[in-house]
Amino acid sequence: MKLAVEKLSVTFGQGRRRVEAVRCVSFGVEAKGSYGLVGESGSGKSTVLRAVCGLAPVSTGRIEIDGKPVEGRRSLAFARLVQMVFQDPYASLHPRHTVDRTLSEPLAIHGLNDRHRRVERALAGVGLDLSFRFRFPHQLSGGQRQRVAVARALILEPEILLLDEPTSALDASVQAEVLNLLVRLRRERNLTFVMVSHDLAVVNHMCERLLVMQQGQGVEELDRQALGDRRVKTGYTRSLLKASEGFLR
Amino acid sequence: MGPEDAPRPGIRAWLTDDVPQSRLQARCVQAYLAWRRLAQNWLAMVGLSIVLGLILMAIFAPLLATHPPYEQNLQDRLLPPFSAGHWLGTDEFGRDLWSRIVYGSRISLTIVALVAVTAPLFGLTIGTAAGFFGGIADNLLMRLTDIFLAFPRLILALALVAALGPGIENAILAIALTAWPPYARVARAETITLRNADYISAIRLQGAGPPRIILGHIVPLCLSSVIVRVTLDMAGIILTAAGLGFLGLGAQPPLPEWGLMISSGRKFLFDQWWVATVPGLAIFIVSLGFNLLGDGLRDVLDPRSAPR
Amino acid sequence: MSGSLLEVEELQVRFRTPTRTVEAVRGVSFSLGRERLGIVGESGSGKTVTGRALLRLVRPPGQVTARRMRFDGQDLLSLCERGMRAIRGGRISMVMQDPKFSLNPVMRIGRQLTEAMRVHGGGSRTALRKRALAMLEAVRIRDPERVMRAYPHELSGGMGQRVMIAMMLLPEPDLLIADEPTSALDVTVQLEVLRILDGLVRSRGMGLIFVSHDLNLVATFCDRVLVMYAGRVVEEIEAKRLAEAKHPYTQGLIDCLPKIGAQRDSLPTLRRDARWREAGA
């Protein structure tokens, strides 16, 4: 297992305001695999990703990468192993930083040299030409921003990429472009994906296995074939599947 | 550089380029666009010209002044405005009011500049640190801020000057020490809303430590609202300095500080009104200038004000 | 009643700023009976502006012109602002995407609901309250008494959106313009809200303009669909037959959606054609 999550629970707050966002969720992703977490808002799917990279507190359970447990403050080495792409491309890029600064800052943090060439390569890798290099986020469209966000996540050459609804804020045609980009990058760089989405069709397209989540718990684990054939066991998954077909009278 | 004295087409094209070739150009383009928006606001331009006028006056004081500021001439004492050789009149020692106002601008500007640099810097540091770290650090720093905020500003400045002894340097120090808490408040509030933004999470994920996040990512976003506040506070700073001078705790005679000048003119207010009124008008105009400029800057810089 | 409720011919919306002019809507014509009309398109296609222009809610510097814009025999173009206010929220209502910006945050829900009715005619306080409660029940809010006492921030997104819809339906409009009314909601809640709207169209004969980016949803929910691209209607088609769409843009939009069970290595992407921008393409 590249990434293993075992009996993970995440709680926020204390006393009466205690919220159990994630309750005893387990799953594993093989190296070069692609795993999906599906659910509606409040299902805790994004919180799982945030817990993996240390942005949400783990109350119980284990997170392992390559068989080694990950806990406490994340190290610089962790940053070069796991990166994340966020949901809203309008909120995930610093509004006062140029694309160039956004991309070269991680290189500076990690003391990598040859920054100029790496930034150019990163832009080319996500299909943006060099004219974008010194633009600010507000000069870019949603799809272009999300490409920059992907380039930022990949510039440290991580092995695991966490994707938090990377296309839900984008138009359908732009979504297709970004999804194609992600598929291509995964193949080229042997990446392991964990993708969160509310859209079963997107997860079905992107991931070999998936976990349906509801109110912080894992409801049902499926592989791509089973979902495609609609062989689902729980009523909740069935209702999600039905809802994805649109409005039925 | 105004829109009228148009820069050469080459420079303008470089400044409005949608595809900047370097970081420097990208920054210049942004600054130019902000300037263009500011330039559309004529009240802000009035404010800016007043402030620029003040700065020029301070720089070229020896050229603009018609008399040495300390030169007494008891024969010409208390001359009304538009007298021969003294177009704003003279004070009780026969010193030329215009020349004293001109030299006084240096003092006002020094006070403003020193306070405007130190207080926001201190406030920003405290505020962003409190907001970013939260918990105990936040509690400690903000309660300290609350203590400072609980005193009326002038009273606290008075107490500080009384402890440190009167004088212009101590007045500056006192004003700076009383001016920072509002900036800390603003910066903290801003930091708390920014702290959980995705782009902060992203840079954190890339291994950045608190100093880098605060200085490189949070401070630049707080800066615009702080700049706006500083500009709007400038008037208050000048007034406080004048107030201290007026009470005899700031600049000491014979310095041509404007507040001090009002204070000494007060004795003749009914018969020789101009002695107090002329420096009063100077304070009024300069305060107005800073306020107008601050309002204009807010429209340009404050992310919350609606884009036009 | 089969006559058309709304007729629009050559609707144009321009935004003129000192530096440039943006033509958001360029000659849109359609008519609407007591049916569900979907307007789909990507962001920037002018679908939202079209909805707002019908109610003359386009803010300056936006300018609305049209050869004809008639609602139930009344000319919406020449109507005075006062007459327009009577129509807005009375005979034509609008539901926006995000309830958070449409509800007054410091007023209880109950008061907002009754206030809305008092503006358009009214009745006694208790009668209004009764109607409000009934409407909240109609939009399937489980505990309407509690919701009446609540402030907007105490409601979840789905509840807020349902309250919005209830508020817009209280004056019993003849036409409801719904701009992405459900895209902020979870799929299961989304369908529930649509079911409510569907029921109202059927039982009361209300006309509905449903603005959305979600082709799948529009295809299954509406009777007729206008597909917009760059401020123009590129295709008008019966919703059931959307899969047989002729225009390459519509086809492209349908194709680029991932589908469950379809194993595709990569999704087809949309190749935009400059000719689509022009009329008659």
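Residue numbers begin at 1 in each chain, while the letters A, B, ... track the order of the sequences.
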Self-check item: Stepwise salt bridge (charged side-chain N to carboxylate O under 4.0 Å, His left out) check, A/Arg184 with C/Asp265
Solution: CA-CA 9 Å; A/Arg184 196 195 82 215; C/Asp265 206 32; over 6 Å; no
Quiz item: Given that the side chain runs from C-beta out, which part of A/Val202 has a heavy atom under 4.5 Å from chain C: side chain, backbone, both or neither?
Solution: both
Quiz item: Between A/Ala172 and C/Leu257, which heavy-atom pair has the shortest distance, and what is it?
Solution: CB-CD2, 3.8 Å
Self-check item: Any residue meeting salt bridge (Lys or Arg N to Asp or Glu O under 4.0 Å) with A/Arg186, in chain and number order, not counting sequence neighbours
Solution: A/Glu208
Quiz item: At a heavy-atom separation under 4.5 Å, does C/Leu191 approach chain A through its side chain, its backbone, both, or neither?
Solution: both
Quiz item: Out of curiosity, A/Glu245 CD to C/Thr220 OG1, how far, rounded to the nearest 0.5 Å?
Solution: 9.5 Å
Quiz item: What's the spacing between A/Leu241 CG and C/Ile260 CD1 if we round to 0.5 Å?
Solution: 5.0 Å
Quiz item: What part of A/Ser141 is in contact with chain C, defined as an atom under 4.5 angstrom from a non-hydrogen atom: side chain, backbone, both or neither?
Solution: neither
Quiz item: For the atom pair CG (C/Leu267) and CG (A/Leu179), what is the distance rounded to the nearest 0.5 Å?
Solution: 6.0 Å
Quiz item: At what distance, to the nearest 0.5 angstrom, does CD of A/Glu177 lie from OG of C/Ser266?
Solution: 11.5 Å
Quiz item: What are the two closest heavy atoms between A/Ala176 and C/Pro268, and how far apart are they?
Solution: CB-O, 4.0 Å
Self-check item: Most contacts with chain C, counted as non-hydrogen pairs under 4.5 angstrom, among A/Ser239, A/Gly39, A/Ala201
Solution: A/Ala201
Quiz item: When rounded to the nearest 0.5 angstrom, what distance separates CG in A/Leu170 from NE2 in C/His213?
Solution: 10.0 Å
Practice problem: Taking A/Asp171 for its side chain and C/Ser43 for its backbone only, find out whether a donor-acceptor pair lies under 3.5 Å. | Solution: yes
Exercise. Please indicate whether A/Arg18 has more than 12 foreign heavy atoms, meaning atoms of other residues, nucleotides or ligands, lying under 6.0 Å from its CZ.
Key: no
Quiz item: Does CD in A/Glu30 sit with more than 12 non-hydrogen atoms of other residues, nucleotides or ligands closer than 6.0 Å?
Solution: no
Practice problem: For the residue pair C/Glu42 and A/Ser173, establish whether any side-chain heavy-atom pair is separated by less than 4.5 Å. | Solution: yes
Self-check item: Considering all heavy atoms, the nearest A/Gly246-C/Asn216 contact
Solution: N-ND2, 4.5 Å
Quiz item: Between the main-chain N or O of C/Gly261 and the side-chain N or O of A/Asn204, is there a donor-acceptor pair closer than 3.5 Å?
Solution: yes
Quiz item: For atom CD of A/Gln14, is the number of surrounding heavy atoms from other residues, nucleotides or ligands below 6.0 Å larger than 12?
Solution: no
Practice problem: Using a cut-off of 6.0 Å, state whether more than 12 heavy atoms not belonging to A/Lys32 lie near its atom NZ. | Solution: no
